[in-house]
Amino acid sequence: MQKRKLGASGPEVSLVGLGTNNFGGRIGRDAARRVVDKALDLGVTLIDTADIYGDKGGSETILGEVLGSRRKDVVLATKFGLTMGDGKSGGASRRYIAQAVEASLRRLNTDWIDLYQLHRPDAKTPIEETLRALDDLVKAGKVRCIGCSNFSAAQLEEAQSVASRQRLSAFVTCQDEYNLLDRAIEKDRVAVMQRYGLGLLPYFPLASGLLSGKYRRGAPMPAGSRLSYSAQHADGLLTAANWAIVDRLAAFAAERGRSLLELAMSWLASRPFLSSIIAGATSPDQVAQNVAAVDWLLSPADLAAIDSITL
């Protein structure tokens, strides 16, 4: 397993990480245990979750139960900031962060969180207040480093500038949607990430499965797949334009004796600003496929051809 750093100053992690938004929802504790065990056996060291995953806390609770003594072997990342369902919680105020981190530590059954990420910007709270609260957690040893998710380029600029000016712990990672069908962050956010040494943790690396190769245009959806039950994701992805791109990408991969999954994952691995690919899995076999899919070293000519298809 290849290793990369979380940004310029974070710990080293595996190139392929494990996303656990399925834990406590699509799969229960026993199935999750098999997924986690397989991931760790294959060298995965980054596990990413969030307090809202698994019906508000279920994913963190399951991870706290199944990691056991192997907790020390992983870089454990979680997120906070979205509402936990009571209509009041959420955001990035000092008061809420203090509550949220203690709840996550308790569910995860751990004394520290390696990467604590703000799930989305909070327009009601000054970023300096958020960063000061997170800096206190770092100094207290409850959090090793911090990250953000779904920030705009301007919001990233502001956060990193405030952290530098006030000598506070700065974000080391950004978690954003990024895949061969959605390259929007390249327009402005990637330049900011690179300027400040932020590492990207892309979510939806396979575009909710559309880049996995298991979907076929005009064919029934695979049973249990994300797009079979999530109309929100399906409506935005299953467009004529996306199908045309997927068909061309699949043909590109097939001509080279590779799969669409290998192309999607290896293309992400070719991005120098990427720290780790957050890949969800509901079975050990899926974990193994994701880990194996990053060994295709794409040439400059390959990358140029891919750009001509996707841009």
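Below, all heavy atoms of this structure are taken into account, side chains as well, without hydrogens, waters or symmetry copies. Keep in mind it's a predicted model, so treat the numbers as computed, not measured.
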Using the test salt bridge (Lys or Arg N to Asp or Glu O under 4.0 Å), find all partners of [X] that sit at least two apart in sequence or belong to another chain.
{"X": "Glu102", "answer": "Lys142"}
{"X": "Glu262", "answer": "Arg258"}
{"X": "Arg132", "answer": "Glu128"}

With sequence neighbours excluded, tell me which residues meet side chain to side chain donor-acceptor pair (under 3.5 Å) with [X].
{"X": "Asn179", "result": "none"}
{"X": "Ser276", "result": "none"}
{"X": "Ser266", "result": "none"}

Checklist entry - Which pairs with one or both residues in residues 22-47 pass ring pair (Phe, Tyr, Trp, His ring centres under 6.0 Å), sequence neighbours excluded? => result none
Checklist entry - Which pairs count as ring pair (Phe, Tyr, Trp, His ring centres under 6.0 Å) when at least one residue sits in residues 244-272, sequence neighbours excluded? => result Tyr178-Trp267
Next on the checklist: Assess the residue pair Glu60 and Ser104 against the criterion (side-chain hydrogen bond (donor to acceptor under 3.5 Å, both in side chains)); give the C-alpha distance rounded to whole Å, side-chain angles, the decisive distance to 0.1 Å, and a yes or no.
Outcome noted: CA-CA 7 Å; Glu60 287 185 332; Ser104 285; 2.8 Å; yes
Please list, one pair per line, the donor and acceptor atoms closer than 3.5 Å that link side chains of residues 33-40 to other protein atoms, with sequence neighbours excluded.
none

Checklist entry - If you look only at pairs with a residue in residues 242-254, which of them pass as a side chain to side chain donor-acceptor pair (under 3.5 Å), with sequence neighbours excluded? => result Arg217-Asp247
Checklist entry - Quick one: CG on Leu200 to CZ on Arg189, what's the gap to the nearest 0.5 Å? => result 9.5 Å
Next on the checklist: Going by side chain to side chain contact (heavy atoms under 4.5 Å, CB included), name the residues that satisfy it together with Thr125, two or more places apart in sequence or in a different chain.
Outcome noted: Ser93, Asp122, Glu129, Thr130
Item to check | Remaining members of the apolar cluster that contains Leu6, side-chain heavy atoms under 4.5 Å | outcome: Val13, Leu46, Val75, Leu115, Val172, Leu201, Ile278
